[in-house]
Amino acid sequence: MNKKKRTVTRKQQFAGWVFLAPATLLIIIMSFYPMVQAFITSLKTGSGVNLKWGEPLFVNYTRNIPADKIFIRSMGNTFLYLIIEVPIMLVLALLLAQILNNRDLKFRGLFRTMVFMPCAVSLVSYALIFRTLFAREGLINSALMGMGLISENINWLGTTGTARAVIIIGLIWRWTGYNMVFYLAGLQNIEYSVYEAAKIDGASGWKTFWSITVPLLKPTIVMTAIMSINGTLQLFDESVNLTNGGPANTSITMSHYIWNEAFGQGVGHFGYASAMSFVVFVMVAVLAAINMKVGDSRD
């Protein structure tokens with residue numbers, strides 16, 4: 001009997017590996033193999049096909065990156081966007097989810113769709129819309145002039161501070177609804193009787209929010225924070241399509257600069273671009289680990 005059970009168990013294990021094999025093979029070929037090749041490339045210098053091993057081997061990491069002022073600036077820009085945009089976006093998403101989860105709210109389905117719609121817009125399309133809105137003669141300047149808040153048109157995309165602000169506004173506008181959907185799903189899994197009990201006990205709306213909603217949504221909040229940080233550190237489209245990294249690379253992001261070094265300016269510094277990519281990878285991994293540690297409620 002035991003022998004028969006062992007045979008059945010082996011067959012089940014074999015069947016499991018058969019089903020897993022295609023996906024595992026694809027992950028190895030499409031993900032891990034390119035990562036290994038990219039790391040090998042990051043140890044080389046030169047341009048195009050004329051790559052040679054670095055002297056010393058880690059020259060891209062130890063000499064080139066620390067001395068590259070544009071990459072340091074792009075890193076500062078990216079973290080500036082992360083520090084400002086991610087908290088605002090997640091708080092707004094949580095508040096909107098709380099409001100739109102109200103059973104007594106009329107047309108809540110319509111409001112949910114309206115908040116989520118920016119996420120469904122093409123990245124290039126919304127960047128073009130924002131460029132039009134924030135142009136010198138665009139709608140934003142016209143509205144501000146009409147309200148008497150400014151006396152002359154602002155060069156939103158041609159000034160460092162305002163160009164960065166436009167990117168942050170664009171990110172918040174596009175991704176708040178995306179995170180709101182996760183919070184809304186989490187809220188709908190919380191029993192409504194919990195809120196009714198809190199209301200009977202005399203808890204205010206604000207106290208209920210902090211004492212019930214936020215703790216129960218903690219896993220979802222951690223997940224959205226990790227995804228948002230990951231996405232912001234790899235930010236590319238907004239920098240390229242909204243400001244093109246300008247003026248004078250003062251709003252450029254790390255991913256945009258990596259693309260410029262590899263493809264955008266025709267220089268083909270694939271080794272150096274790969275090295276910068278691994279620096280970004282380490283940043284993403286470290287911040288994700290910190291978020292998971294902070295969000296881990298286990299003893």
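Counting from 1, the numbers follow the sequence of the chain as shown.
Under the 4.5 Å side-chain heavy-atom criterion for Ile, Leu, Val, Met, Phe, Trp and Tyr, Leu149 and Ile154 are members of the same hydrophobic cluster. Each of Leu95 and Leu105 belongs to its own hydrophobic cluster when Ile, Leu, Val, Met, Phe, Trp and Tyr are linked at side-chain heavy-atom distances under 4.5 angstrom. Residues Ile172 and Phe79 are members of one and the same hydrophobic cluster, defined by side-chain heavy-atom contacts under 4.5 angstrom among Ile, Leu, Val, Met, Phe, Trp and Tyr. Note on Leu128: it does not cluster hydrophobically with Leu123, by side-chain heavy-atom contacts below 4.5 Å among ILVMFWY residues. Under the 4.5 Å side-chain contact rule for hydrophobic residues, Leu235 and Tyr178 share a cluster.
Using bins of under 30°, 30° to 60° and over 60° for the plane-to-plane angle, the ring pair Phe39/Phe58 lands in the tilted bin. Between Phe236 and His256, the two ring planes are perpendicular [angle over 60°; tilted spans 30° to 60°].
The two atoms that bring His269 and Ser47 nearest to each other are CD2-CB, 3.7 Å, heavy atoms only. For the pair Met35 and Phe278, the tightest heavy-atom approach, listed with the atom from each and the gap, is O-CZ, 3.3 Å. Nearest heavy-atom pair across Asn101 and Arg112 is CA-NH2, 4.0 Å. In terms of heavy atoms, Ser122 sits closest to Arg174 at C-NH2, 4.2 Å. Here the shortest heavy-atom pairing between Asn249 and Asn77 reads O-ND2, 3.9 Å. Across all their heavy atoms, Gly54 and Val59 have their closest contact at CA-CG1, 4.0 Å.
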List the steps and the verdict of side chain to side chain contact (heavy atoms under 4.5 Å, CB included) for Thr45 and Asn60. CA-CA 8 Å; Thr45 59; Asn60 286 327; 3.9 Å; yes
Begin with the C-alpha distance, continue with both residues' side-chain angles, and end with the deciding distance and a verdict on side chain to side chain donor-acceptor pair (under 3.5 Å) for Ser274 and Ser42. CA-CA 5 Å; Ser274 297; Ser42 73; over 6 Å; no
Evaluate Ile167 against Ser251 for side chain to side chain contact (heavy atoms under 4.5 Å, CB included), listing each step before the verdict. CA-CA 8 Å; Ile167 290 177; Ser251 67; 4.2 Å; yes
Take Ile252 and Asn260 through the side chain to side chain contact (heavy atoms under 4.5 Å, CB included) test and state the conclusion after the steps. CA-CA 10 Å; Ile252 196 170; Asn260 281 348; 3.7 Å; yes
List the steps, then state whether side chain to side chain contact (heavy atoms under 4.5 Å, CB included) holds for Leu100 with Val115. CA-CA 10 Å; Leu100 297 178; Val115 174; 4.2 Å; yes
Might you work through the side chain to side chain donor-acceptor pair (under 3.5 Å) test for Tyr257 and Asp68, ending with a clear yes or no? CA-CA 11 Å; Tyr257 182 55; Asp68 191 338; 2.6 Å; yes
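Looking only at side-chain heavy atoms (C-beta outward), Ile258 and Val280 come within less than 4.5 Å of each other. For the pair Tyr61/Leu43, a side-chain contact is recorded, criterion being any heavy-atom separation below 4.5 Å from C-beta on. Side-chain contact check for Ile65 versus Val279: some heavy-atom pair is nearer than 4.5 Å. Inter-residue side-chain proximity for Ser228 and Trp175 is flagged as unmet; no heavy-atom pair is nearer than 4.5 Å. The side-chain heavy atoms of Met89 and Leu171, taken from C-beta on, include no pair separated by under 4.5 Å. Side chains of Thr224 and Leu90 form a contact here, defined as non-hydrogen atoms less than 4.5 Å apart. Under the 4.5 Å side-chain criterion, counting only non-hydrogen atoms from C-beta, Asn179 is not in contact with Leu94. Side-chain atoms of Tyr81 and Glu238, non-hydrogen and from C-beta on, never get closer than 4.5 Å to each other.
Within a 6.0 Å radius of CD in Glu55, no more than 12 heavy atoms belonging to other residues, nucleotides or ligands are found. Taking a 6.0 Å sphere around CE of Met114, one finds it holds 12 or fewer heavy atoms contributed by other residues, nucleotides or ligands. Tyr33 OH: 12 or fewer foreign heavy atoms inside a 6.0 Å radius. The number of heavy-atom neighbours closer than 6.0 Å to CZ of Phe116, taken from other residues, nucleotides and ligands shown, is above 12.
Listed for the Asn64 side chain is no donor-acceptor partner under 3.5 Å among the backbone atoms of Tyr272. Under the 3.5 Å distance criterion, the side-chain polar atoms of Arg108 are left unmatched by any main-chain donor or acceptor of Ile99. Not a single donor-acceptor pair under 3.5 Å links the side chain of Thr220 to the backbone N or O of Phe182.
For Phe14 and Phe19, the distance between ring centers is not under 6.0 angstrom.
In this structure, Arg164 CZ and Thr159 OG1 are separated by 11.5 Å, a value rounded to the nearest 0.5 Å. Taken from OG1 in Thr232 to CD1 in Ile83, the straight-line distance is 11.0 Å, to the nearest 0.5 Å. Atom CZ of Arg131 and atom CG of Asn241 lie 8.5 Å apart (nearest 0.5 Å). To the nearest 0.5 angstrom, Leu187 atom CG is 5.5 Å from Gln98 atom CD. In this structure, CD1 on Ile70 lies 13.5 Å from CE on Met75, to the nearest 0.5 angstrom. Rounded to the nearest 0.5 Å, atoms OG1 (Thr162) and CD1 (Ile140) are 12.5 Å apart.
Ser142 and Glu137 form no side-chain donor-acceptor contact under 3.5 Å, judged by distance and modelled atom types alone.
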